[in-house]
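Here the structure is laid out as structure tokens; the discussion comes afterwards.
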Amino acid sequence: MIDVKLICDKPELIKEALLKLNSTAPVDEIVELNTKRRELTYEVERLKEKKNSTSKEIGKMKDKESRDKLITEMREVGDKIKELDEEIKKIEEDLHEKLLWVPNLPHESVPVGKGEEENVVVKTVGEKRIFDFTPLPHWELGEKLDIIDFERGVKLSGTRFYVLKKAGSKLQRALINWMLDLHIDHHGYTEIYPPYMVKGECLTGTGNLPKFGENLYRDAEEDLWFIPTAEVPVTNLHREEILEPGTLPLNYVAYTACFRREKMSAGKDTRGIKRGHQFDKVELVKVVEREKSMEELEKLISHAEDILKRLNLPYRLIKMCTGDLSFTAMIKYDLEVWSPGCDEWLEVSSCSNFGDFQARRANIRYRPEAKGKPLFAHTLNGSALALPRTVIAIMENYQQPDGSILIPEVLRSYMGGMETIKGGI
RNA sequence: GGAGAGAUGGCUGAGUUCGGUUGAAAGCGCUCGACUCGAAAUCGAGUAAGGGGAGUAAAAUCUCUUUCGUGGGUUCAAAUCCCACUCUCUCCGCCA
């Protein structure tokens, strides 16, 4: 959510920015509603002031006649207040609803562009491996080695589900533990194990609702939703809180399963384990002071990159242009790992600075100094990394001519010393 | 799931019988001052928060409003009365 005051102060500037985002948010209506809101608030507060002070006087009065007269008078004032309060409430709800649909404004450094094609490749790190045989896609490797079972996944749960087994599941488990340990021990993050189901207000807080409800799974009877990413519960840890001086920055790392309907990507990436309805992810979340968020973003990206570097996988860093920016992000970078079997770059991480967009929705504030006025914090997050795609990258990049897969050195101790994944293990 | 108890400021905890002088006793904590070479102890003063508006370069400051779990109701007036809900605790049942 962006600041109403900002919208009302500089509506033209906002409109211009929204144009770059291909957004049609109703700026004029918002300005109008807010003006009305302020007028009515002023009016009703004058009336309340009168009623409050008069009521106190009534309590002290002895003369019945003038007392009754005032009571009658205040009864009318009370009715008027009720009427105005209702009107204000309606306006506020309307205004709030409209604001929830306004996307975040892009940071000044974000390149202007219409869509994906205009994203900027910031850098490419590592060399693509030269194969002296044709590298296989992970779905073929996985079936040959009997470490991914697609058929039975579909039998259990339908399309976009699969079963990992043997060294396949062990590899994923090793990655999770290794990544968590790395972030905790070397990057200074605090581990969180959050609920996988949250209330709707959490999703509104992070910006997944109301706009992206169709991409989420939910309980049929209660207001409980499956998380599409750990970002949701972890960012919401501090919803409705005012953080005391000295608490920030907060650096969290969380491993969770993630659940997505993939309605917006229907028909896309149906092969392999690239895009499932359920997948695992290790996620980094930061809550920081507002002046610090851009430098924290750099750190965040470097922490995600560190995983790829240590796994020795070729990757590239992409800066998203305005047309490809997500609804909530002020600035966003993707990390893409090279996958020789699929023959494409796979997005394994998305690192965003949300500015105070989420903090406003979730009401996450901090006190810059003792007794100071609370300010909205800045929130950031990035995957580090998404598991299935990292598994894909390892399988495809480390495959051998005989179809076996070499295990990256950093993971071996997490796999009981295993060095190669061969059939039958 | 059944029965009962509870939810008040940074914390502990009164107030709810009989609605007004209670934005809230008392204590703890914290801040400032006195005493002291300094500290402790003691004494004195101050100390809830959110939002809006005025003001300022920014503060200071002034002012209105809301808040005693949440939402509604009664009333001129609600921490206090009524209704619904949420959460916490205890006991029973069930369970990984």
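In what follows, chains carry the letters A, B, and so on, assigned in the order in which the sequence lines appear, proteins first and then strands, with residues in each chain numbered from 1. Below, all heavy atoms of this structure are taken into account, side chains as well, without hydrogens, waters or symmetry copies.
- A distance of about 31 Å separates the P atoms of B:U31 and B:G15, rounded to the whole Å.
- In this structure, A:R38 places its CZ atom 13 Å from C1' of B:G51, rounding to the nearest Å.
- Rounded to the nearest Å, the gap between the P atom of B:A77 and that of B:A60 is 35 Å.
- Taking atom P in both B:G46 and B:C28, the straight-line distance is 16 Å, to the nearest Å.
- Spacing of P atoms, B:G4 relative to B:C83, comes out at 15 Å, to the nearest Å.
- The separation of B:U12 from B:G29, taken at their P atoms, amounts to 15 Å, rounded to a whole angstrom.
- To the nearest angstrom, C1' of B:U56 lies 13 Å from NZ of A:K373.
- Taking NZ from A:K199 and OG1 from A:T204, the interatomic distance works out to 12.5 Å, rounded to the nearest 0.5 Å.
- Spacing between atom CD of A:E241 and atom P of B:G10 amounts to 14 Å, rounded to whole angstrom units.
- Relative orientation of the A:Y217 and A:H277 rings is perpendicular, given thresholds of 30° and 60° on the angle between their planes.
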Indicate for each nucleotide in nucleotides 57-77 of chain B, in 5' to 3' sequence, whether protein heavy atoms under 4.0 Å reach the base (B), only the sugar-phosphate (S), or nothing (-).
-------BSS-----S-S-BS

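- B:A24 and B:U86 have their P atoms separated by 33 Å, given to the nearest Å.
- Using a cut-off of 4.0 Å between Lys/Arg side-chain N and Asp/Glu carboxylate O, A:D68 and A:K64 are scored as not salt-bridged.
- Between A:D85 and A:K48, at least one side-chain nitrogen of the basic residue sits less than 4.0 Å from a carboxylate oxygen of the acidic one, meeting the salt-bridge criterion.
- By the 4.0 Å N-to-carboxylate-O rule, A:E214 lies too far from A:K263 to be salt-bridged with it.
- A salt bridge links A:E201 with A:R239: the closest approach of a Lys/Arg side-chain nitrogen to an acidic carboxylate oxygen falls below 4.0 angstrom.
- Comparing A:Y42 and A:R367, the nucleotide of RNA chain B nearest to each residue sits closer to the 5' end for A:R367.
- The ring-ring contact (aromatic ring centres under 6.0 Å, His included) with A:Y252 is formed by just one residue from the set A:H183, A:H187, A:H238; it is A:H238.
- A:K332 has no carboxylate O lying under 4.0 Å from a charged side-chain N of A:D324, or vice versa, which leaves the two without a salt bridge.
- With rounding to whole Å, A:E39 atom CD is found 14 Å from B:G53 atom C1'.
- The CG atom of A:L47 sits 16 Å away from the C1' atom of B:G53 (whole-angstrom rounding).
- B:G6 and B:U70 have their C1' atoms separated by 16 Å, given to the nearest Å.
- Separation of the P atoms belonging to B:A49 and B:A57 is 27 Å when rounded to the nearest angstrom.
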Taking Watson-Crick and G-U wobble pairs with both distances under 3.5 Å, convert RNA chain B into its dot-bracket string, 5' to 3', dots for unpaired and | for cross-strand pairs.
((((((((.[[[..)....(.....]]]((((((.......))))))(((((((......))))))).[[[[[..)....]]]]])))))))....

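- For the pair A:K98 and A:E29, the salt-bridge criterion is met [side-chain N within less than 4.0 Å of a carboxylate O].
- At the heavy-atom level, A:K5 lies under 4.0 Å from the strands shown only through sugar-phosphate atoms.
- Shortest non-hydrogen contact noted between A:K281 and A:C258 is CE-SG, 3.7 Å.
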